[in-house]
Amino acid sequence: MEEYAMAYRDNTKRIRIGNREIGGGSPVLIQSMTNTRTEDIAATVSQIHRLEEAGCEIIRCAVPTMEAARALKEIKKQISIPLVADIHFDYRLAIAAVENGADKIRINPGNIGSRERVEAVVNAAEERHVPIRVGVNSGSLEKELIAKYRGVTAEGLVESALDKARLIEDMGYDNLVISIKSSDVLMCARAHELIAERTSYPLHVGITEAGTLHSGNIKSSLGLGIILYQGIGDTIRVSLTGDPVEEVRSARQILRTMGLRKGGIEVVSCPTCGRTKIDLIGLANQVETMVSGMDDLELKVAVMGCVVNGPGEAREADIGIAGGIGEGLLIKKGEVVRKVPEKELLSVLKDELLHWKR
């Protein structure tokens with residue numbers, strides 16, 4: 001599986017975005033997008049700092065106004081991850097974003113305007129070696145392609161994205177990243193399978209308009225799981241309606257689950273049953289929050305609801321706790337270490353992790 005999964009990703013073009021790289025076998029990087037007004041520098045920087053702490057590696061900001069484009073210069077000074085400018089319709093905003101230090105720009109050549117306007121953007125990007133992300137969402141597929149394929153299809157998305165890349169290639173620039181997104185999970189997965197056979201540009205992968213925290217996570221996990229399993233995708237964004245920090249947390253978990261990201265603590269917990277005598281749901285959530293910043297440890301922590309199956313179920317974990325009546329067990333590698341009062345379970349587990357022999 002590992003050899004198969006790396007086949008596409010190892011052979012994509014390597015693209016530099018600020019101080020990071022994607023493609024050519026580089027690690028799959030996590031992206032998110034601010035939902036503040038970019039013109040509000042303080043609020044935008046504050047949100048980016050929260051995203052950085054959560055593990056975001058590339059951040060994108062909307063640039064709907066010239067004031068927002070100019071704000072990028074100051075924002076960039078106060079953050080440490082690459083900054084991507086998201087532009088639609090006005091080619092002058094794209095040029096201004098590049099001039100104000102954007103590490104990458106996202107455009108849709110189809111809504112930028114004439115060829116001359118697109119070329120002006122490309123020339124500005126080429127002058128400063130700024131990569132361009134081009135692509136298409138299922139909601140913006142051209143009418144001609146919808147007619148050709150009798151609807152929005154994976155084939156139409158691929159043709160549209162490659163047409164946009166070819167337009168910029170014809171202008172002499174190939175510092176490109178391609179994205180093809182749909183809210184239809186299976187269509188999106190199929191489109192990535194098709195495009196991976198036809199281009200070596202790195203791919204920005206995500207399920208667009210995935211939804212709220214609950215439904216969006218399910219759709220994103222399924223879609224990204226299918227795509228990443230095939231070795232496709234060089235950078236990902238989980239699109240959720242809510243706090244973008246949750247996007248980053250979800251993306252990290254997806255990459256860890258796929259074996260594409262190491263480090264950090266994985267929490268496993270049982271679903272509870274009638275034998276559960278402690279607040280397992282609350283405890284499991286507290287444990288997950290507690291370990292979220294312990295990225296220097298690579299462990300599996302089990303949180304189990306009872307002492308009947310707890311030790312056995314926790315055997316594959318490095319350390320775990322299992323509930324009883326007003327107390328619980330501390331377990332290491334499936335062996336019971338000692339009994340602990342329920343109110344002390346969290347603190348005892350935290351102490352064990354803080355003093356874990358690395």
Side-chain angles (χ1 to χ4, degrees), residues 1-13 15 22-25 28-31 33 106 108-111 133-169 176-212 214-241 247 250-251 253-255 257-260:
M1 177 266 183
E2 187 173 341
E3 290 181 3
Y4 176 73
M6 293 303 292
Y8 289 115
R9 197 173 294 116
D10 273 352
N11 294 295
T12 52
K13 179 181 175 67
I15 297 292
I22 62 170
V28 178
L29 297 187
I30 296 169
Q31 298 199 24
M33 186 171 182
R106 182 270 181 112
N108 180 344
N111 68 30
R133 171 188 152 192
V134 297
V136 64
N137 288 352
S138 55
S140 61
L141 188 63
E142 294 90 332
K143 293 179 181 179
E144 297 80 6
L145 291 174
I146 293 175
K148 176 180 178 179
Y149 291 102
R150 298 182 179 180
V152 178
T153 65
E155 291 79 7
L157 291 174
V158 170
E159 183 172 337
S160 177
L162 293 179
D163 283 348
K164 292 174 173 60
R166 195 172 301 114
L167 171 68
I168 295 176
E169 286 175 337
L176 304 177
V177 178
I178 292 180
S179 70
I180 41 173
K181 294 187 177 183
S182 173
S183 57
D184 183 316
V185 171
L186 296 182
M187 181 192 298
C188 197
R190 179 56 180 158
H192 282 86
E193 292 167 4
L194 293 173
I195 202 167
E197 298 173 352
R198 298 180 58 185
T199 185
S200 61
Y201 286 122
L203 299 175
H204 171 116
V205 180
I207 306 300
T208 193
E209 300 161 356
T212 59
H214 175 69
S215 60
N217 267 322
I218 293 172
K219 292 177 69 173
S220 294
S221 297
L222 284 170
L224 288 169
I226 293 169
I227 295 165
L228 292 169
Y229 180 77
Q230 298 178 82
I232 302 168
D234 301 277
T235 179
I236 66 170
R237 181 196 176 190
V238 174
S239 298
L240 300 175
T241 304
E247 297 184 351
S250 298
Q253 188 61 45
I254 290 170
L255 291 180
T257 303
M258 298 299 299
L260 294 170

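- Annotation for Val136 and Ser140: closest pair CG2-OG, 3.7 Å, computed over non-hydrogen atoms.
- Side-chain contact between Val28 and Met258 is absent, with no heavy atoms from C-beta onward closer than 4.5 Å.
- Partners of Glu193 under the side-chain hydrogen bond (donor to acceptor under 3.5 Å, both in side chains) rule, at least two apart in sequence or in another chain, are Arg190, Gln230.
- For the side-chain contact (heavy atoms from CB on, under 4.5 Å) with Ile236, the qualifying choice from Leu260, Ile207, Val205 is Val205, the only one to do so.
- In this structure, the side-chain hydrogen bond (donor to acceptor under 3.5 Å, both in side chains) partners of Lys148, at least two apart in sequence or on a different chain, are Glu159.
- The shortest distance between side-chain heavy atoms of Tyr201 and Glu169 falls below 4.5 Å.
- Rounding to the nearest 0.5 angstrom, the gap separating the NZ atom in Lys219 from the SG atom in Cys188 is 10.0 Å.
- Once rounded to the nearest 0.5 Å, the distance linking CD1 of Ile227 with CG of Leu222 reads 11.0 Å.
- Ile30 and Ala251 get closest at one heavy-atom pair: CG2-CB, 3.7 Å.
- To the nearest 0.5 Å, atom CG of residue Leu228 and atom OG1 of residue Thr257 are 10.5 Å apart.
- With values rounded to the nearest 0.5 angstrom, His192 atom NE2 is found 7.5 Å from Ile232 atom CD1.
- Listed here is the closest heavy atom pair of Ala161 and Gly135: CB-CA, 4.4 Å.
- Remark: side-chain polar atoms of Thr12 are not paired, donor with acceptor, to backbone N or O of Ser200 under 3.5 angstrom.
- Under a 3.5 Å cut-off, the side chain of Arg9 and the backbone N or O of Asp234 do not form any donor-acceptor pair.
- Counting only heavy atoms from C-beta outward, the side chains of Val134 and Pro109 approach each other to under 4.5 Å.
- When the side-chain hydrogen bond (donor to acceptor under 3.5 Å, both in side chains) test is applied to Arg166, the partners found at least two apart in sequence or on another chain are Asp163.
- A donor-acceptor contact shorter than 3.5 Å links the side chain of Glu247 to the backbone of Leu240.
- Scanning all heavy atoms of the two residues, the minimum distance from Pro202 to Gly23 falls at CB-CA, 4.3 Å.
- In terms of the side-chain hydrogen bond (donor to acceptor under 3.5 Å, both in side chains) criterion, residue partners of Ser160 (sequence neighbours excluded) are, by chain and number, Glu142, Lys164.
- For the residue pair Gly206 and Lys181, the shortest heavy atom distance occurs at O-CG, 3.5 Å.
- To the nearest 0.5 angstrom, Gln31 atom CD is 9.0 Å from Arg237 atom CZ.
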| request: Apply the test side-chain contact (heavy atoms from CB on, under 4.5 Å) to residues Val152 and Met187: give CA-CA distance (whole Å), side-chain angles for both, the deciding distance (0.1 Å), then the verdict. | output: CA-CA 9 Å; Val152 178; Met187 181 192 298; 3.9 Å; yes
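- Under the side-chain contact (heavy atoms from CB on, under 4.5 Å) criterion, Ala191 pairs with Ala154, Leu157, Val158, Ile180, sequence neighbours left out.
- Taking all atoms of both residues into account, the shortest heavy-atom contact from Leu141 to Gly156 is CD1-O, 3.5 Å.
- Here Leu29 contributes atom CG and His204 contributes atom NE2; the two are 11.5 Å apart, rounded to the nearest 0.5 Å.
- Distance alone, capped at 3.5 Å, places no donor-acceptor pair between the Thr199 side chain and the Ile195 backbone.
- No side-chain heavy atom of Thr153 sits less than 4.5 Å from a side-chain heavy atom of Leu145.
- Taking Ser221 as the reference, Ile254 meet the side-chain contact (heavy atoms from CB on, under 4.5 Å) condition, with sequence neighbours excluded.
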